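Working notes, structure below.
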Amino acid sequence: MTKALITGGTGFLGSQLALKLQRLNYEVTVLGRNSTVGAQLTAAGLRFIAADLRDAGAIAAACKGQDQVFHCGALSSPWGKAKDFYDTNVLGTCHLVLGCLTHNVQRLIHVSTSAVHFTYANQLQILESHPFPAPVNAYAKTKQLAEQAIQQAHRQGLFTLTLRPRGIFGPGDTALLPRLLRASDRTGIPLIHQGQAQVDVTYVGNVIDALLCCAKAPKSLSGGVYNISNGEPLPLIDLLQRVSQQLNRPLNFKPLPFRIAYGLAIALESAALITQREPTLTRYTVGLMAFSQTLNIQAATLELGYRPTVTLSEGIERFSHWWKKREKEIEGAK
């Protein structure tokens, strides 16, 4: 029986990957910080380790006896302290690499992000080989550095593969679509350039399929980096209208010129430095909504055998069904 460790295993992607691997008869250990989700996974028959990626000793110990490590853990946020991003995303990855090398883990599969390529300009069909731009924030910078640590581990003889998924969504999503829905309820979703920026999102189940492709990939692919998406880019406004239709509720929009939205974000970020609370709008968020970013996934298709089996329409339908059920449960608990 293959033994697998999942960092970030109590998060959106990690927890669903854990249950999928269990169904495939893996012996799964989940490492994370959410004790509530950890207890649920334990009840489902998984092993849970409450640990932080910044704890070098705990991370090394968790790697002992593992065959494969899926590194889904990261501090992923449009806002936060640079030190927190560095300690979690860079040092945490280094701790994991050392643990894998020390305990002879067979392969380390790293979940990166398309944010490593983000810049304030339209980018279509980005290739994995495209040089990194100057990072736009601490998250992007530390994920770039984490990828460099993974490549160094590959050069040291560890089997590594890196995925760069774009805009993960689906049942259990706590970030992408829920943030937009909350913005709609509060002030309206900022709509820049009439929402015509091309977005390239990925259903969570398809990301899991890509991770499973990595788990069985030939050794010749070690060190590889692969873009992952649904391969169905579309204008942001079209994505939002599809979500609105599935939820059977109108969404509120706030049309804004880019320069005004960007200036507002600067002001809100400046205020957040004083309040220490995440601003309702950041420059990074404005950029994501204003500029197109689509990925070329041909390498993943040809080399890993990745195929997005859940279409965008089906993924939105599944998310919407989950979201409506969740809202009913919250309302019933009041």
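This one's a predicted model, so the numbers in the text were calculated from it and none came from an experiment.
Between the side chain of Thr7 and the backbone N or O of Cys72, at least one donor-acceptor pair lies under 3.5 Å. For Gln66 (side chain) and Leu5 (main-chain N/O), a donor-acceptor pair under 3.5 Å exists by modelled atom type. Counting only distance, with no hydrogens or angles, the side chain of Arg307 and the backbone of Thr301 share a donor-acceptor pair below 3.5 Å. Side-chain atoms of Lys141 do not come within 3.5 Å of backbone N or O of Tyr86 as any donor-acceptor pair. Side-chain N or O atoms of Ser184 include none that pairs as donor or acceptor with a backbone N or O of Leu180 at under 3.5 Å. A donor-acceptor pair under 3.5 Å links the side-chain atoms of Ser292 to the main chain of Gln198, judged by distance alone. Side chain of Asn227 to main chain of Asn296: a donor-acceptor pair is present (N/O by atom type, distance under 3.5 Å, no hydrogens or angles). At distances below 3.5 Å, at least one donor-acceptor pair connects side-chain atoms of Thr202 with backbone N or O atoms of Arg166.
Annotation for Thr88 and Arg54: closest pair OG1-CD, 3.8 Å, computed over non-hydrogen atoms. Closest approach of Gly11 and Ser15 over heavy atoms only: O-OG, 2.6 Å. The minimum heavy-atom distance between Gly167 and Val201, with the atom names listed, is O-CB, 3.4 Å. A pairwise comparison of heavy atoms in Pro250 and Ser244 identifies CA-OG, 3.8 Å as the closest pair. Across Tyr139 and Ser77, no two heavy atoms sit closer than the pair CB-O, 3.8 Å. The minimum heavy-atom distance between Ala146 and Val90, with the atom names listed, is N-CG2, 4.5 Å.
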Solution key, residues 204-221 side-chain donor-acceptor pairs under 3.5 Å, sequence neighbours excluded:
{"unit_1": "Asn206", "atom_1": "OD1", "unit_2": "Thr309", "atom_2": "N", "d": "3.1"}
{"unit_1": "Asn206", "atom_1": "OD1", "unit_2": "Val310", "atom_2": "N", "d": "3.1"}
{"unit_1": "Asn206", "atom_1": "ND2", "unit_2": "Asn230", "atom_2": "OD1", "d": "2.9"}
{"unit_1": "Asn206", "atom_1": "ND2", "unit_2": "Val310", "atom_2": "O", "d": "2.9"}
{"unit_1": "Asp209", "atom_1": "OD2", "unit_2": "Thr309", "atom_2": "OG1", "d": "3.3"}

Exercise answer: donor-acceptor pairs, residues 18-32 side-chain atoms, under 3.5 Å, sequence neighbours excluded:
{"unit_1": "Gln22", "atom_1": "NE2", "unit_2": "Ala44", "atom_2": "O", "d": "2.7"}
{"unit_1": "Tyr26", "atom_1": "OH", "unit_2": "Gln68", "atom_2": "OE1", "d": "3.4"}
{"unit_1": "Thr29", "atom_1": "OG1", "unit_2": "Arg47", "atom_2": "NH1", "d": "3.4"}

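Every residue meeting the salt bridge (charged side-chain N to carboxylate O under 4.0 Å, His left out) condition with Glu269, not counting sequence neighbours, appears here in chain and number order: Arg283. Scored by the side chain to side chain donor-acceptor pair (under 3.5 Å) test, Glu303 finds Tyr226 as partners (sequence neighbours excluded). Residues passing the ring pair (Phe, Tyr, Trp, His ring centres under 6.0 Å) test with His130, sequence neighbours excluded: His117. Under the ring pair (Phe, Tyr, Trp, His ring centres under 6.0 Å) criterion, Phe258 pairs with Tyr262, Phe291, sequence neighbours left out. Residues satisfying the ring pair (Phe, Tyr, Trp, His ring centres under 6.0 Å) criterion with Tyr203, sequence neighbours excluded, are Phe169. Partners of His95 under the ring pair (Phe, Tyr, Trp, His ring centres under 6.0 Å) rule, at least two apart in sequence or in another chain, do not exist in this structure.
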Applying side chain to side chain contact (heavy atoms under 4.5 Å, CB included), run through Trp323 and Leu177 and close with a yes or a no.
-> CA-CA 10 Å; Trp323 184 261; Leu177 294 181; over 6 Å; no
Begin with the C-alpha distance, continue with both residues' side-chain angles, and end with the deciding distance and a verdict on side chain to side chain contact (heavy atoms under 4.5 Å, CB included) for Leu251 and Leu181.
-> CA-CA 8 Å; Leu251 296 181; Leu181 292 171; 3.7 Å; yes
Are Lys81 and Gln276 close enough, and set up right, to give a side chain to side chain contact (heavy atoms under 4.5 Å, CB included), and what steps lead you there?
-> CA-CA 10 Å; Lys81 295 180 179 179; Gln276 294 299 303; 3.7 Å; yes
Evaluation steps, side chain to side chain contact (heavy atoms under 4.5 Å, CB included), between Ile126 and Ser114 = CA-CA 9 Å; Ile126 299 169; Ser114 63; over 6 Å; no
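The number of heavy-atom neighbours closer than 6.0 Å to CD of Gln194, taken from other residues, nucleotides and ligands shown, is 12 or below. The 12-atom threshold is not exceeded at NZ of Lys325, counting heavy atoms of other residues, nucleotides or ligands nearer than 6.0 Å.
The hydrophobic cluster containing Ile260 also includes Leu256, under a criterion of side-chain heavy atoms closer than 4.5 Å among ILVMFWY residues, counted directly or through chains of members. Think of Met1 as one node in a network of Ile, Leu, Val, Met, Phe, Trp and Tyr side chains linked at under 4.5 Å; it has no links at all.
In this structure, the separation between CD1 on Ile316 and CG on Leu240 is 9.0 Å, given to the nearest 0.5 Å. Distance check, rounded to the nearest 0.5 Å: NZ of Lys143 to OG1 of Thr162 gives 9.0 Å. Between the CD1 atom of Ile266 and the CG atom of Leu281 there is a distance of 10.5 Å, given to the nearest 0.5 Å. Expressed to the nearest 0.5 Å, how far CD of Gln40 lies from CG of Leu46 amounts to 11.5 Å. In this structure, CG on Asn137 lies 9.0 Å from CZ on Phe118, to the nearest 0.5 angstrom. Here the CD1-CD distance, from Ile237 to Gln196, works out to 8.0 Å after rounding to the nearest 0.5 Å.
Leu17 and Leu304 fall within a single hydrophobic cluster, where Ile, Leu, Val, Met, Phe, Trp and Tyr are joined by side-chain heavy atoms under 4.5 Å apart, directly or via other members. Leu101 and Leu91 fall into different hydrophobic clusters, where Ile, Leu, Val, Met, Phe, Trp and Tyr residues are linked whenever their side-chain heavy atoms come under 4.5 Å apart, directly or through other members. In terms of hydrophobic clustering, with Ile, Leu, Val, Met, Phe, Trp and Tyr side chains grouped at heavy-atom distances under 4.5 Å, Phe70 and Ile228 are assigned to a common cluster. Residue Trp79 is not grouped with residue Leu264 when hydrophobic side chains (ILVMFWY) are merged at heavy-atom distances under 4.5 angstrom, including chains of intermediate members. Linking Ile, Leu, Val, Met, Phe, Trp and Tyr residues whenever their side-chain heavy atoms come within less than 4.5 Å leaves Leu75 and Leu145 in two separate clusters.
A donor-acceptor pair shorter than 3.5 Å can be found between the side chains of Arg242 and Ser313. Thr142 and Asn89 share a donor-acceptor pair across their side chains, judged by distance under 3.5 Å alone.
Pairs of residues two or more places apart, or lying in two chains, that qualify as salt bridge (charged side-chain N to carboxylate O under 4.0 Å, His left out) and include a residue from residues 179-204 are Arg179-Glu278, Asp185-Arg249. Annotation: side chain to side chain donor-acceptor pair (under 3.5 Å) contacts involving residues 144-155, sequence neighbours excluded, comprise Ser112-Glu147, Glu147-Arg164, Gln152-Arg155, His154-Ser222.
For the pair Val97 and Ile150, the minimum side-chain heavy-atom distance is below 4.5 Å. You'll find the side chain of Cys63 stays beyond 4.5 Å of the side chain of Thr102, heavy atoms only. Side chains of His71 and Leu53 form a contact here, defined as non-hydrogen atoms less than 4.5 Å apart. Using a 4.5 Å heavy-atom threshold, the side chains of Val199 and Leu234 count as touching. Counting heavy atoms from C-beta on, the side chains of Val136 and Tyr284 come closer than 4.5 Å.
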